[in-house]
There are 2 protein chains.
Amino acid sequence: MRRRTDLLSGKPAPERADAARNRAKVLRAAAGLFATRDPRGVTMDEIAKAAGVGRGTLYRRYPDTGSIALALLDEYERDLQERLLRGEPPLGPGAPPGRRLAAFYAAMVGLLEKHGHLVLGAEAGRMRYASGAYGFWHAHVRALLVAGAVPDPDALTDTLLAPLAAEVYLRQRERGLTPGRIAAALARLAEGVLPPE
Amino acid sequence: MRRRTDLLSGKPAPERADAARNRAKVLRAAAGLFATRDPRGVTMDEIAKAAGVGRGTLYRRYPDTGSIALALLDEYERDLQERLLRGEPPLGPGAPPGRRLAAFYAAMVGLLEKHGHLVLGAEAGRMRYASGAYGFWHAHVRALLVAGAVPDPDALTDTLLAPLAAEVYLRQRERGLTPGRIAAALARLAEGVLPPE
DNA sequence: AATCAAGTGGACATTGTGTCCGTTTCTGAC
DNA sequence: GTCAGAAACGGACACAATGTCCACTTGATT
């Protein structure tokens, strides 16, 4: 039997009890480390030590620190994704695209404020685009552009997502900007691209 | 005498002949390496080997590969900076701010197309903001926003520069977008924020 | 309670970093 | 020209982190 799989349903076997326990330990320890020091300096070894598991155990599941950060992020981001799809306007469906984009921006600012350091820990660069979450944001923004009848939405989507890069956001915060001002600036951007009516 | 300096003018002593020779060798070798493989994989050791200099020599001038990439970039960027300050409109002074911003975007797309891989080699993340060049772009965009009487220009500046991150640009290129389409999208962004008159 | 795949953990080889310091090469003075 | 001191050089070294490997343990299944 290859990889203990239910051959009928095709579902993977459930996670073993000790594995689940360790997964939790790892994530908890990693969250602590990422929050404490500069996330980019966190090492696989440290996480293993902090979680009280062996090196090999850690590598079994996560190839590098970035994917651990990503795993943590996914948890946080899922909630926002839900609200985008089925929440109240203007975040959810119902409001005009420009408004929705601005609301999305505001929500993302909230996320970045809380978890920006984590995104940074995900060795942002290329990694970010690999994340499932990025694909989701991309699809969302693109849909809004299409709804707003903007020309060549494909070319604008990544452009409009760029200011949400953690480096950019944290940079702005360091410059002394408040989340509110940043969100306001993004709202103006949204209205500039997707004018009302 | 501390660091062989002209005490009257305060100018640093001229570079020694062997030093200059090695500097050139290093930059040439590094440019080759960065262009060939993934710039993020290039190592200090490799550069030293390729340049035919010792490890210590390399470290004397550059603390890491990122600053070597930055040194190469600075050279390329200086030309554009010149044209922004004193060139013909719409890039240089004279055109309305929206136009100038769009022209700036177009020029940057050109730069990214040629040297995007290098920017990537500069370990983009935080490093980028440390570069003198970034400060320059920032000042330029900010001035345009002020000229256009946009509210809270400080909050918008980094936001508008974000789409010019090398990761974003290269990502778009990988998606199949042409430089032209990307520049056009950026132009629309510029006009959205700085509408004509 | 027996079986065995899945999971564990730490030792190991490897690779890159950054520093240190004895040696070589320049430059300006005489 | 040659001499002296400063600056630059380069490779050896100590260290840190990576990722792999495999003998051992644990948990689910019968």
Side-chain angles (χ1 to χ4, degrees), chain A residues 1-9 11-30 33-34 37-69 71 121-123 125 127, chain B residues 1-9 11-30 33-34 37-69 71 121-123 125 127:
Chain A
M1 193 193 291
R2 55 188 315 209
R3 280 205 137 257
R4 196 158 54 118
T5 289
D6 181 330
L7 290 179
L8 284 170
S9 71
K11 279 187 216 148
E15 193 173 37
R16 233 174 68 173
D18 51 350
R21 214 178 316 129
N22 277 340
R23 176 209 252 23
K25 279 203 289 184
V26 164
L27 288 182
R28 194 144 27 84
L33 285 177
F34 282 134
R37 40 170 151 314
D38 175 32
R40 274 184 286 226
V42 175
T43 159
M44 287 296 264
D45 217 26
E46 282 176 321
I47 297 177
K49 279 275 199 313
V53 307
R55 216 172 159 53
T57 305
L58 195 53
Y59 273 101
R60 158 173 288 268
R61 241 188 298 279
Y62 305 105
D64 49 46
T65 58
S67 52
I68 300 180
E123 192 56 40
M127 198 106 220
Chain B
M1 195 193 289
R2 30 95 132 121
R3 277 205 139 258
R4 197 158 54 116
T5 290
D6 180 331
L7 291 179
L8 284 169
S9 70
K11 279 186 215 148
E15 195 173 34
R16 237 174 66 172
D18 52 349
R21 216 179 313 131
N22 277 340
R23 174 207 251 28
K25 279 202 290 184
V26 163
L27 288 182
R28 193 144 30 83
L33 285 177
F34 283 134
R37 41 170 152 315
D38 175 32
R40 275 184 285 226
V42 174
T43 158
M44 287 296 266
D45 218 25
E46 283 176 321
I47 297 178
K49 279 273 200 312
V53 307
R55 221 174 154 50
T57 305
L58 195 53
Y59 274 101
R60 156 173 290 267
R61 240 187 299 278
Y62 306 105
D64 48 47
T65 59
S67 52
I68 300 181
E123 191 57 40
M127 198 105 219

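Chain letters run A, B, ... following the sequence lines, proteins first, then strands; residues in each count from 1.
You'll find the side chain of A/Val26 stays beyond 4.5 Å of the side chain of A/Thr57, heavy atoms only. In this structure, the side chains of B/Leu33 and B/Glu46 come closer than 4.5 Å at one or more pairs of heavy atoms.
For the pair A/Ala69 and A/Gly121, the tightest heavy-atom approach, listed with the atom from each and the gap, is CB-C, 3.9 Å.
Listed pair A/Asn22 / C/dT8 meets the phosphate criterion, a side-chain N or O lying under 4.0 Å from OP1 or OP2.
Contacts classified as salt bridge (Lys or Arg N to Asp or Glu O under 4.0 Å) and involving residues 20-29 of chain B (residues at least two apart or in different chains) are given here: B/Glu15-B/Arg23.
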Please determine whether side-chain contact (heavy atoms from CB on, under 4.5 Å) holds for the pair A/Tyr62 and A/Ile47, giving the CA-CA distance in whole Å, both sets of side-chain angles, and the decisive distance to 0.1 Å.
CA-CA 11 Å; A/Tyr62 305 105; A/Ile47 297 177; over 6 Å; no
Could you please spell out the steps behind the side-chain contact (heavy atoms from CB on, under 4.5 Å) verdict for B/Thr65 and B/Thr43?
CA-CA 7 Å; B/Thr65 59; B/Thr43 158; 5.6 Å; no
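For the pair A/Arg40 CZ and D/dA17 P, the computed distance is 16 Å after rounding to whole Å. Regarding A/Asp18, its CG atom lies at a distance of 10 Å from the C1' atom of D/dA28, rounded to whole Å. Taking atom NZ of A/Lys49 as the reference point, atom P of C/dG10 lies 8 Å away to the nearest angstrom. Atom C1' of nucleotide D/dT18 and atom OH of A/Tyr62 are separated by 19 Å, given to the nearest angstrom. D/dC13 atom P lies 21 Å from atom CE of B/Met44, rounded to whole Å. As a whole-Å value, the separation of A/Arg23 CZ from D/dG27 P is 17 Å. When the C1' atom of D/dT20 is taken as reference, atom CG of A/Leu58 falls 14 Å away, rounded to whole Å. Rounded to an integer number of Å, the gap from B/Arg60 CZ to D/dA7 P is 9 Å.
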Please write out the pairs of protein N or O atoms and N or O atoms of nucleotides 20-24 of chain C separated by less than 3.5 Å, giving the distance to one decimal.
none

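For the pair B/Arg21 and A/Asp45, both in contact range of DNA chain D, the more 5′-proximal nearest nucleotide belongs to B/Arg21. When each of B/Gly41 and A/Arg61 is assigned the nucleotide of DNA chain C with its nearest heavy atom, A/Arg61 is the one assigned upstream, toward the 5' end.
Within 4.0 Å (heavy atoms only), A/Thr43 reaches sugar-phosphate atoms of the nucleic acid but no base atom.
A/Arg16 CZ to A/Asn22 CG: the interatomic distance, rounded to the nearest 0.5 Å, is 10.5 Å.
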